[in-house]
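A short write-up of the structure that comes next.
Worth knowing before you read on, the calculation uses all heavy atoms, side chains too, and leaves out hydrogens, waters and symmetry mates. Along the sequence shown, residues carry numbers from 1.
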Amino acid sequence: MDKPLSLWARIGEALSALARGEGLSAVFDHLKTPPERTVAFTIAVIALGAKMAKADGRVTRDEVTAFRRVFVIPPEEEQNAARVFDMARTDVAGFDAYARKIVAMFGPGAPVLQDLLEGLFTIALADGEYHDNEDAFLREVSAIFGLDEACFRSIRATYVADAAPDPWSVLELAPGSDLAAARARWKAMVREAHPDRAMARGLPPEAVKLAEERIIALNRAWAEISAGAKQAAL
């Protein structure tokens with residue numbers, strides 16, 4: 001039996017299938033069935049990451065290092081990741097065109113779009129700084145994705161050090177919400193973030209660390225809220 005193609009080899013095939021003159025955004029029109037969604041997710045993170053780097057005005061050759069914070073990229077597959085980045089960087093299509101193609105594939109507000117936005121936050125913070133242009137870029141992408149403000153604040157609070165990571169924001173709740181409701185919200189968000197569920201909706205196994213980090217952030221937020229409630233009851 002032939003060995004299944006790696007994610008990165010499948011990406012290479014998807015790029016090679018583009019017609020002459022087609023931009024990278026056209027690749028999403030060819031990746032519509034569930035088995036191909038892991039390819040689409042990966043291309044989307046890298047392509048939007050490239051657009052974000054260009055918007056920030058600081059395009060460097062450290063992209064693969066940044067993407068390694070999201071994906072497991074074997075050294076022999078780095079060329080396929082770099083090829084996606086270079087195509088996105090030179091494509092005349094704007095980042096909004098990419099974002100809308102992705103929304104058309106997964107549906108507005110789909111949980112996998114939150115996974116994707118978290119991947120972009122990870123790349124944005126790869127250099128240890130969070131710039132105003134990156135914030136504006138990610139806010140607009142989030143809006144195109146159909147994610148509400150509470151969701152955006154939750155992700156921002158999780159990833160950005162200066163965002164005052166209020167545990168209530170991480171759980172997308174108003175400060176001081178009912179403790180039972182907070183507990184129910186925490187459990188529901190942890191279930192949704194579970195790696196198995198995340199991979200079922202399109203997150204590649206190579207990017208499962210996103211789901212793992214999300215669960216850590218959610219557990220930390222609930223621990224802080226419940227500890228505060230116990231302290232207040234004393």
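Here the side chain of N80 pairs a donor or acceptor atom with the backbone of W8 at under 3.5 angstrom. A distance-only check finds no donor-acceptor pair linking the side chain of K101 to the backbone of D29 [under 3.5 Å]. When atom types are taken as modelled, the side chain of S169 and the backbone of E172 share no donor-acceptor pair closer than 3.5 angstrom. With hydrogens and angles ignored, the 3.5 Å screen pairs a side-chain donor or acceptor of K51 with a backbone N or O of A93. At distances below 3.5 Å, not a single donor-acceptor pair connects side-chain atoms of H131 with backbone N or O atoms of N133. A donor-acceptor pair is defined here as one N or O able to donate and one able to accept, closer than 3.5 Å; such a pair exists between the side chain of E22 and the backbone of A19. Remark: the backbone N or O of G23 is not paired with any side-chain donor or acceptor of D91 at under 3.5 angstrom. Of the possible donor and acceptor atoms, none in the side chain of E77 sits under 3.5 Å from a partner among the backbone N and O of P74.
Side-chain contact between M189 and I215: absent, with no pair of heavy atoms (C-beta onward) separated by less than 4.5 Å. Inter-residue side-chain proximity for E118 and T158 is flagged as unmet; no heavy-atom pair is nearer than 4.5 Å. Put simply, the side chain of S177 reaches to within 4.5 Å of the side chain of W168, judged on heavy atoms.
In terms of hydrophobic clustering, with Ile, Leu, Val, Met, Phe, Trp and Tyr side chains grouped at heavy-atom distances under 4.5 Å, V190 and L173 are assigned to a common cluster. At a threshold of 4.5 Å between side-chain heavy atoms, the hydrophobic network of Ile, Leu, Val, Met, Phe, Trp and Tyr places M199 and I73 in two separate groups. Residues I43 and V72 fall into different hydrophobic clusters, defined by Ile, Leu, Val, Met, Phe, Trp and Tyr side chains chained together at heavy-atom separations under 4.5 Å.
A centroid separation of 6.0 Å or more is found between the aromatic rings of F145 and F152.
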Step by step, would you call Y130 with Y159 a ring-ring contact (aromatic ring centres under 6.0 Å, His included)? CA-CA 10 Å; Y130 187 63; Y159 285 89; 9.9 Å; no
Report the C-alpha separation of L138 and M52 in whole Å, then their side-chain angles, then the decisive distance to 0.1 Å, and conclude whether the side chain to side chain contact (heavy atoms under 4.5 Å, CB included) test is met. CA-CA 8 Å; L138 291 169; M52 181 168 59; 3.9 Å; yes
Worked verdict on R83 versus I11 for side chain to side chain contact (heavy atoms under 4.5 Å, CB included): CA-CA 10 Å; R83 184 181 175 195; I11 287 173; over 6 Å; no
Begin with the C-alpha distance, continue with both residues' side-chain angles, and end with the deciding distance and a verdict on side chain to side chain contact (heavy atoms under 4.5 Å, CB included) for V45 and F71. CA-CA 10 Å; V45 172; F71 302 107; 3.8 Å; yes
Applying side chain to side chain contact (heavy atoms under 4.5 Å, CB included) to W186 and I225, what does each step give before you reach the verdict? CA-CA 10 Å; W186 161 64; I225 289 170; over 6 Å; no
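Using a 4.0 Å cut-off between a side-chain N of Lys or Arg and a carboxylate O of Asp or Glu, E149 and R139 qualify as a salt bridge. Salt bridge present: R201 and D115 bring a charged side-chain N and a carboxylate O closer than 4.0 Å. We find that D166 and R153 are not joined by a salt bridge, their nearest charged nitrogen and carboxylate oxygen being 4.0 Å or further apart. In this structure, D86 pairs ionically with R89, as a charged nitrogen and a carboxylate oxygen lie closer than 4.0 Å.
In this structure, F95 and F137 have tilted ring planes: the angle between them lies in the 30° to 60° band.
Residue L48 comes nearest to I102 through the heavy atom pair CD1-CD1, 3.9 Å, listed as atom of the first residue, atom of the second, then distance. Pairing each heavy atom of L120 with each of G49, the nearest pair is CD2-N, 3.6 Å. Considering all non-hydrogen atoms of both residues, P195 and V208 come closest at CB-CG2, 3.4 Å. Contact detail for D135 and R156: the closest heavy-atom pair is OD1-NE, 3.0 Å. Nearest heavy-atom pair, A221 versus L171, reported as atom, atom and distance to 0.1 Å: CB-CG, 4.2 Å. Closest approach of A47 to L24, counting heavy atoms only: CB-CD2, 3.9 Å.
Taking OG1 from T122 and NZ from K209, the interatomic distance works out to 9.0 Å, rounded to the nearest 0.5 Å. From Q114, atom CD reaches atom CG of L210 across 11.0 Å, with rounding to the nearest 0.5 Å.
For the 3.5 Å distance criterion, the side chains of S154 and R214 qualify, holding a donor opposite an acceptor. Defined by atom type and a distance below 3.5 Å, a donor-acceptor pair is present between the side-chain atoms of R10 and T38.
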